[in-house]
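Notes for the one structure printed next.
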There are 4 protein chains.
Amino acid sequence: MSSTFGRFLRVTTFGESHGPGLGGVVDGMPPGIPLAREHLQRELDRRRPGQSAVTTQRQEGDQVELLSGVFEGLTTGTPIAFLVRNQDARPEDYEALREVFRPGHADYTYFVKYGHRDHRGGGRASGRETLCRVAAGAIARRLLAPLGVEIFAATVRIGDIEARERDYPEAERNPVRAPDAAAAAAMAELLLRLRDAGDSVGGVVEVVARNVPAGLGDPVFDKLDAVLAMAMMSIGTIKGVEIGDGFAATRLRGSQAHDAMDATGFLSNHAGGILGGISTGQDILMRLAIKPTSSLRVPQQSLNIRGEPVAVATEGRHDPCVCPRVVPVAEAMMALTLADAWLAQKAVRALG
Amino acid sequence: MSSTFGRFLRVTTFGESHGPGLGGVVDGMPPGIPLAREHLQRELDRRRPGQSAVTTQRQEGDQVELLSGVFEGLTTGTPIAFLVRNQDARPEDYEALREVFRPGHADYTYFVKYGHRDHRGGGRASGRETLCRVAAGAIARRLLAPLGVEIFAATVRIGDIEARERDYPEAERNPVRAPDAAAAAAMAELLLRLRDAGDSVGGVVEVVARNVPAGLGDPVFDKLDAVLAMAMMSIGTIKGVEIGDGFAATRLRGSQAHDAMDATGFLSNHAGGILGGISTGQDILMRLAIKPTSSLRVPQQSLNIRGEPVAVATEGRHDPCVCPRVVPVAEAMMALTLADAWLAQKAVRALG
Amino acid sequence: MSSTFGRFLRVTTFGESHGPGLGGVVDGMPPGIPLAREHLQRELDRRRPGQSAVTTQRQEGDQVELLSGVFEGLTTGTPIAFLVRNQDARPEDYEALREVFRPGHADYTYFVKYGHRDHRGGGRASGRETLCRVAAGAIARRLLAPLGVEIFAATVRIGDIEARERDYPEAERNPVRAPDAAAAAAMAELLLRLRDAGDSVGGVVEVVARNVPAGLGDPVFDKLDAVLAMAMMSIGTIKGVEIGDGFAATRLRGSQAHDAMDATGFLSNHAGGILGGISTGQDILMRLAIKPTSSLRVPQQSLNIRGEPVAVATEGRHDPCVCPRVVPVAEAMMALTLADAWLAQKAVRALG
Amino acid sequence: MSSTFGRFLRVTTFGESHGPGLGGVVDGMPPGIPLAREHLQRELDRRRPGQSAVTTQRQEGDQVELLSGVFEGLTTGTPIAFLVRNQDARPEDYEALREVFRPGHADYTYFVKYGHRDHRGGGRASGRETLCRVAAGAIARRLLAPLGVEIFAATVRIGDIEARERDYPEAERNPVRAPDAAAAAAMAELLLRLRDAGDSVGGVVEVVARNVPAGLGDPVFDKLDAVLAMAMMSIGTIKGVEIGDGFAATRLRGSQAHDAMDATGFLSNHAGGILGGISTGQDILMRLAIKPTSSLRVPQQSLNIRGEPVAVATEGRHDPCVCPRVVPVAEAMMALTLADAWLAQKAVRALG
């Protein structure tokens, strides 16, 4: 009971990895905004696996269909539903996993929570769920576009290989989506090696939002950084989030850590674009900790649903590192969060 | 429009640092649970500043009053309201700050968001807001107690001084709330030095929940770790959160990072007690990045509301490091989140 | 931004009358409940127009598809999505109405609210929207079935013709869905006359829920009768709702109006099964006031979007009285409301 | 778990009839609106019982205190909390009722729902709960005032005595709050007679909102009339609501029932100011069915919590008809609903 995100721009998603399809409903989109199927498809194409040797070979030629909420090319203000049919599903790949708890997966916890689960490819817990986020994020971007908001994410570290530059257009050109061509090459090489070994590795994705209006976010529980933390942490493989200086701030003195202002505005951005939970107008800057993929060909010790020991190795199609695939998803969650906060602020300054 | 946390156990808080008082309403508490004013007061006393030389000297002898929802010593199932009157308020301390944006504070963003603000001591953005969380958390703990859930937080690093041990009872005995007596002494010494220098420092607080039932949390957006990330990040000074191995997981191989199982259960806890957003029954383990306090006697360059340059130094009463004060707040947010998830699970397994 | 109903069993609907399709997502359904496409289809067939001379001739052979949330015949606890493709859409029937505000329709208000609308057949404001309610209600009924809850609605008055009996099975056998065969014949005759005259008429639908567990509903704002009133009033043509004695109670003395108890339980049911917003365990009894259909062949004076006077007559396919079509929709809203309240009560008595 | 009303302007209330006090938190009020304690007190004084021989003699000299959200006379955008201490509580009046279920009261249902209840004066189910609504409504009125919205309610029928006129100022001058001086005199006479007989009677209250902006309300589930129905039906004694022609519309032909338009706008208001769930800009007109008061000196047959038969007569202080006391409460609920819908519309037309 949790498949809805947002309070003003509300996204509800559905679908399992190997069921008939996945989709969502975006409610609260203002009327009169140009929106077409292609806006969603373009982002889904960026998310699509099977694009290079370093990502899973599952051919997800996902085609999205718009079911409602758009008339003669413009949003109507009513719910926008979209649907992506599952294709290239191979449930038989998963038959061996019907009764097994794969380490690092949600198999065990779904079993405990629900007592009954769709084991095929993780069902609802599949990474495939993120296509609904990406499609919904494409809608949110249409709302943010006239405000000039720009959102970029990129892989800034894989294992110990760190990107030194922040050349965001470069991130669209290499398969690991690193904003640094040299680092990208080293990262790709590492991933090919791990792929051959049947192993995987973690990394860090950075997300930046530019031209965000000041004043977004709410005090106390719904601080903009709190909602962003939730948005990002809800992506399956993320084990940590930080904003601005993040964990590095814990080693600083107060006299070094805060952002002075002069008549031109802020002189630094330690805060990452948010103060007291409200956007300052500076860039919003987050970093996400991504764990190594759980699906490995290296056998791991586990249990089945009868409590018997089993060795689990995944023969399916999987990524040695999901950072490049997290990139469009993190952008989508940033877009959804900012669009929601922007609509909320309209009610706050209702008298303005 | 954000002063509510939780979906089943819903906490709504109110109040400003120097207004008449602060308080909250907890709705959704099941009936028949023993609850007294003292349960709240005890946690508020733990939170109270002015307890040592290393915390702010403001004497907040906060006395909480229960206004509703309890009858003859038991909860009735109706909303539980509580109120703490402000005392020892010295708004005149803040008169000089009426038109000034303090670096690292919410002054600027509240001004931009609302156009009108209560500048006294940060108003709603004051750290004093956290007393409502602590009081509400004390109520949530009453719900969790019969389940055997135990929650501890402690300061595990201040600046570069790291706690080596995890002796939680020790954390209640030293003023920095470190679970390691030797580290605590070094931390306290650092804080006294910074206090004399009018400066501040950041640190890391760790939060652990034990005996959490497996199956709590929801797939997709309301994953237990996502909600916990939001809960923690909504505490004013927190710039990062991680769960289990967190950012350290980003450097691991998949073959090292996941938790194998044998007939006795999980053999490790890299995941931090949550898989696929749902609790495993292992300890939930989080770490929080705390930035250096923003209120400094060291002057900082800033602006006033007319855009004129000013130098800001805070003469009020403030902490050189807020880690010890975050400890009970983080525990409270953990308690509120788990209690909410536990109630949610009752509806999920409604037929069980 | 309103296409969601319920707090625990949450239904989100989408779709326009003449777009690609309509559907919905039901989130919060507990796992392990037998559910098949046929459960939804059966209720949709009951709702379907074109079943007799007294209802609209639009042939809506609606076929529903289940898209998620069911695996091997059982609910999984994840969102259940369903989709009905639009067929027999004739948007050209509506081209003449593109710029016209039909009296009694939502044309004018959608135009004012959104500035941009899908005028075809009312778009989102079409009565066709109710098929999503009926499909979702069929899901809710699966949750209520094991509790023994039974829900019936019937047309108890059309214009001045009143049903004297409450023979619910009879209501399924006649085209006006009246629980009284003699009254049904008179009603049908009236409707055929009005149909020929191009006019329409209002009526009253009664809804009864039996074997409802006592204790459902919440005090204060979410009283069970308040939520039911909202649920029913949200059906397009309903202008009034009453519970138990309803408006008739306003003429009674207190000594006549309340329900005495003896050892066998309540001795009457003036209250309609709800006291203080909480179910008593008696039958829940509501009556709904249905206005005459707005689509008439009799020309009516109106305006177009440029403020020019126009005469509007609807040539499309419409009902002289919507009471028979409200019947399954009212049942669905009753089912959704009770299922939601039943899940909510699980959290209230979490410790029981 | 239901003590919150509204989505944008969110009111959360708390408190029992004979506990320490009652109050509420209003979250989402825009900043910069002049608001003082007196705005709330004035409405509470209108609600206050003990104002005439025909209302209960309990002396509730309720004094409200503003606890937060207002600074230097203006709202700050943060939650506005208010508190009213209980005085003149006489719990001993209720000791005899500790184990008794009073007919027509919530005693039995609270017992079944919670297993534990505050029996004193109905606890949370007391009519005294409505003072929180009235105080919150006074805040909502401050938001609506600059829009020119005016809200009136009045008693238009008691038993069979009907008001013929709609002289709203008159309703403030007579104790039954009827908008017709002659009818008011007859009503008052009836009430004195019933009071002497220890009996009570029902009636009808009408609520009107003028100058409501067109475009408020949402399609489908959150139609403005649906939310208003919920808002009104959530007032304890209300058993029916209707809008515009309401139940009378059920006897009309379509050709008589709809509101034609010419260049000057609508020519009638059968719809009651709402079409398709969205305000038209005409007056919103509702009527509420109020049941006879449940507290009678005439003994009634009932049970105690052990299932034993008892005769219940209420010796406390009670009204022979609550219509006059419903008037300010219904106005408050109208104000809260419209204010919420007006804020929601800001997000809908965010790009306008």
Side-chain angles (χ1 to χ4, degrees), chain A residues 1 4 6-10 12 25-35 68-69 71 74-81 139-149 213 215-223 276-278 336 338-352, chain D residues 1 4 6-10 12 25-35 68-69 71 74-81 139-149 213 215-223 276-278 336 338-352:
Chain A
M1 197 186 333
T4 298
R7 293 180 302 146
F8 293 75
L9 189 72
R10 308 198 327 143
T12 301
V25 184
V26 176
D27 200 9
M29 186 74 168
I33 299 175
L35 179 69
S68 65
F71 180 59
L74 299 177
T75 58
T76 58
T78 60
I80 302 167
I139 296 172
R141 278 171 185 254
R142 299 298 296 164
L143 181 57
L144 296 171
L147 307 178
V149 175
L216 306 192
D218 280 311
V220 190
F221 299 116
D222 288 351
K223 287 186 169 81
I278 299 167
L336 287 167
L338 293 179
D340 190 56
W342 186 72
L343 289 179
Q345 181 64 1
K346 290 289 156 180
V348 171
R349 295 306 288 265
L351 297 180
Chain D
M1 196 185 334
T4 298
R7 293 179 305 147
F8 294 75
L9 189 72
R10 308 202 322 146
T12 301
V25 184
V26 177
D27 201 8
M29 185 73 169
I33 298 174
L35 180 69
S68 65
F71 179 59
L74 299 176
T75 58
T76 59
T78 60
I80 302 168
I139 296 171
R141 279 171 185 254
R142 298 299 296 167
L143 180 56
L144 296 170
L147 307 178
V149 176
L216 306 193
D218 281 310
V220 190
F221 299 116
D222 288 351
K223 289 187 168 81
I278 300 168
L336 287 166
L338 293 179
D340 190 55
W342 187 72
L343 290 178
Q345 181 63 359
K346 290 289 157 180
V348 171
R349 294 306 289 266
L351 298 179

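In what follows, chains are A, B, ... by sequence order, proteins preceding strands, each numbered from 1. It should be emphasised that the depicted structure is a prediction, and the values quoted were computed from it without experimental measurement.
Counting all heavy atoms, side chain and backbone alike, D:Pro30 lies closest to A:Ala350 at CG-CB, 4.3 Å. Here the closest non-hydrogen pair linking A:Pro31 and D:Val348 is CD-O, 3.1 Å.
Rounded to the nearest 0.5 angstrom, D:Phe8 CZ and A:Arg7 CZ are separated by 8.5 Å. Taking CG of A:Leu351 as the start and CE of D:Met29 as the end, the distance is 8.0 Å to the nearest 0.5 Å.
There is no contact between A:Leu147 and chain D, counting heavy-atom distances below 4.5 Å.
D:Leu35 meets the side-chain contact (heavy atoms from CB on, under 4.5 Å) test with D:His39, D:Leu40, D:Val70, D:Thr75, D:Ile80, D:Ile139, D:Arg142; sequence neighbours excluded.
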